[in-house]
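Structure first, commentary second.
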Amino acid sequence: MPQNESVILRHVFCKGSILPEYLQTTKDKEKERGFSVLKKVLKRILISIPVLIGVVLAIFIMLRIVPGNPVTTMMGEHVNPAVIEKVSKEMGLDQPYYFQFIKYVANALRGDFGTSYRLNRNVTQIIVEAFPHTVKLSVLAAVVAWIIGLTAGVIAAIRQNKLLDRLFMGCALMGVSMPVFMTALVLQYVFAFKLKWFPVSGFDSLNAMVLPAIVLGWNSAGSIARMTRSNLVEIMQNDFIRTARAKGLRESGVIIGHALKNAMLPVVTMMALQISSMLSGAVLTESVFGVPGIGRLAVNAIETRDMPLLQGTVIFTTVLIIIGNLVADLLYNVLDPRIREGE
Amino acid sequence: MSESIVLDIRNLKSHFFTAKGEVPAVDGVSIQVPAGKIIGIVGESGCGKSMTAMSVMGLLRYPGKVVDGTITLDGRDITHLSPKELSTVRGNELSMIFQEPMTSLNPVITVGRQVREAILLHQKVSRDEAKKRVIEIFREVGIPEPEKRYNSYPHQLSGGLRQRVMIGMAMVCKPKVMIADEPTTALDVTIEAQILRLMKKLCREQGTSIILITHNMGVVAETCDYVYVMYAGKVMEQAETFALFENTSHPYTQGLLKSIPKLNEKAERLYTIEGVVPNLLHLPEGCNFCTRCTEADARCRKEKPALYQAGDGHGVRCFKYESEVQLDGK
């Protein structure tokens with residue numbers, strides 16, 4: 001019976017269950033909830049495929065539009081043109097762009113992102129080596145951002161419109177609006193050059209990681225503080241805060257137990273979304289402090305027209321950002337029961 | 001009223017300090033709550049009923065403040081407690097239910113844990129023991145499938161169920177007094193009756209006194225033992241419920257009762273009390289009600305009447321009932 005089948009199919013795809021709601025047990029519902037999350041993840045992964053293809057295409061075209069021949073950059077200006085032609089042919093650069101593109105995508109699907117012109121090594125391998133440094137830097141920066149941002153935001157909210165609030169929010173505004181390289185240079189000058197507390201650059205000891213982490217986290221700390229404050233101030237006006245007080249909770253309990261969880265929902269999501277700005281910040285921070293991570297890799301690749309390496313790093317970062325967005329979405333799902341159910 | 005008084009509010013004054021001036025939201029209110037009784041506070045919006053309740057709970061926030069008067073709970077003055085002392089009273093000996101069950105529960109915490117929190121705050125019991133008690137109280141307040149509901153979030157429950165959760169939360173530590181601020185206003189009429197019956201039952205079983213704040217005279221007649229009628233921050237009339245309906249004395253109370261449409265009378269227009277509640281910043285020189293009172297004379301506009309005794313436990317703030325005995329003890 002085709003009609004029945006379509007009804008069932010519609011149930012499966014639209015509601016995730018064949019049974020009408022009144023026949024479902026709690027277990028069914030839980031299963032269904034699991035399905036809906038899985039479905040969401042799958043959907044998001046499918047959506048990100050065209051995004052990824054678009055990014056690859058865009059970076060591919062851009063790299064071929066910008067002036068500068070990788071071969072001359074690599075070998076110097078005054079090399080025999082015949083040699084340049086030969087090397088170009090070896091590298092497949094004489095072939096039409098569409099052919100290069102298709103070949104590149106086909107290889108990339110197999111996990112082969114080509115060989116770096118400058119380092120003459122497998123791009124995937126280079127990225128895998130550099131990635132842990134960027135992760136370390138980002139995680140440390142995130143910790144800095146969370147600790148500073150949350151504390152400042154909560155204190156500012158409690159002392160709303162008092163001196164501390166104004167002070168913290170002023171700092172936060174500075175954090176949000178000051179460019180990363182500016183903060184980096186100022187901190188480097190004061191704490192490394194003048195006070196000599198930390199090394200000027202490098203990333204081999206914990207001591208050396210302090211400044212880069214603060215520089216990269218500072219920006220996010222500012223936005224976390226501002227968002228925490230405004231959310232908390234708003235949440236504290238809610239009726240359920242009055243209920244919590246009436247229950248006998250003290251003010252600290254009210255804020256930590258009841259207000260903060262509500263106020264954190266958007267902040268957590270924002271943090272996951274901020275992975276992209278973290279990564280772009282990492283490009284600058286890594287360059288200034290000489291951290292051997294993805295960001296510095298990308299900058300070097302741009303400087304030397306190392307196309308395969310640059311393409312590799314851009315694609316890699318794009319994937320990271322897509323994952324970050326997905327995580328943000330799922331986090332909201334986990335944290336807010338209203339959204340968890342309302343699907 | 002010879003019963004023992006659990007909660008004694010004397011000459012309570014709560015003011016709001018606004019940019020335009022000091023607003024006397026609660027202006028010398030005295031309320032006595034006997035053990036195990038239901039006391040009603042009636043009045044229009046903005047007459048100070050909720051502010052009285054908030055003052056008693058110590059929940060008034062800036063710019064509101066208790067400026068005068070004493071609140072005594074079971075012989076202990078709780079008017080100016082430190083936050084630490086206050087937290088042992090609130091939710092334990094004195095609890096409160098709010099008007100809006102929709103927004104009064106934290107949306108991201110399960111209702112069971114929200115009620116359990118109240119137990120863990122005031123009693124030394126294990127988490128499991130507390131959970132058992134929550135389920136018990138859920139059953140008592142008539143929540144079906146209490147074990148399952150323990151893990152529900154507020155948005156998964158109907159308004160009536162949420163209000164039952166609120167009542168459960170307020171009753172779980174067996175308080176001496178529970179303040180219910182319009183607990184049924186946001187609910188259906190059918191649910192309203194259930195909730196009122198439930199509160200009455202709990203009050204009887206646990207010996208908890210209830211202060212029921214409402215604007216609904218029908219609710220008062222049905223549930224309360226004793227009633228205070230408030231207007232513009234002052235108690236206008238107070239009496240046992242039966243006496244209030246039988247010998248309605250104050251012109252304001254008479255107006256309120258007349259405003260209730262009756263089934264057996266045909267009226268073209270419903271009765272209303274002319275005028276509006278006066279701005280608390282610019283109260284009349286005389287009786288607060290004189291601007292709207294049909295019987296007001298020159299004296300009413302010049303002098304403020306006291307709360308005169310008009311019968312046994314019956315007080316009226318009106319010169320018509322002027323007598324030697326004054327109930328507000330000035």
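Sequence lines set the chain letters: A, B, ... in the order given, protein chains first and strands last, and positions in each chain run from 1. Side chains included, hydrogens not; waters and symmetry mates left out as well; all remaining heavy atoms used.
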B:Ser104 backbone acceptor or donor facing A:Thr243 side chain under 3.5 Å =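 Answer holds: yes.
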Atom pair [atom1]/[atom2] of [X] and [Y] - distance to nearest 0.5 Å:
X: A:Arg242; Y: B:Leu59; atom1: CZ; atom2: CG; result: 7.5 Å
X: A:Lys247; Y: B:Arg90; atom1: NZ; atom2: CZ; result: 12.5 Å
X: A:Ile235; Y: B:Asn106; atom1: CD1; atom2: CG; result: 8.5 Å
X: A:Arg250; Y: B:Thr88; atom1: CZ; atom2: OG1; result: 9.0 Å

Inspect the surroundings of [atom1] in [X] and state if more than 12 heavy atoms from other residues, nucleotides or ligands are less than 6.0 Å away.
X: B:Arg127; atom1: CZ; result: no
X: B:Gln206; atom1: CD; result: yes
X: A:Arg159; atom1: CZ; result: no

Heavy-atom pairs under 4.5 Å with chain A: which of [options] has the most?
options: B:Gly58, B:Ser95, B:Ala118; value: B:Ala118
options: B:Asn92, B:Val108, B:Ile109; value: B:Val108
options: B:Met102, B:Gln99, B:Glu117; value: B:Glu117

Which pair of heavy atoms, one from A:Gly248 and one from B:Ser87, lies closest together, and at what distance?
->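 Closest heavy-atom pair between A:Gly248 and B:Ser87: O-CB, 3.1 Å.
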Chain A contact via B:Met54 - which portion, at a heavy-atom distance below 4.5 Å |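 Interface part for B:Met54: side chain.
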Checking B:Leu105 against chain A: side chain, backbone, both or neither under 4.5 Å from a heavy atom?
->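 Contact with chain A is through the backbone of B:Leu105 alone.
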Among A:Glu251, A:Lys261, A:His258, which has the most heavy-atom pairs under 4.5 Å with chain B?
->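 Top option by heavy-atom pairs under 4.5 Å: A:His258.
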Taking the side chain as C-beta and beyond, is there a heavy-atom pair between A:Leu249 and B:Leu121 under 4.5 Å?
->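 Yes, side chains in contact.
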Decide yes or no for B:Arg61 and A:Met236: does some side-chain heavy atom of the first lie under 4.5 Å from some side-chain heavy atom of the second?
->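 Counting from C-beta outward, B:Arg61 and A:Met236 never come under 4.5 Å.
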Could you walk me through whether A:Arg245 and B:Met96 pass side chain to side chain contact (heavy atoms under 4.5 Å, CB included), step by step?
-> CA-CA 10 Å; A:Arg245 287 192 184 121; B:Met96 187 163 177; over 6 Å; no
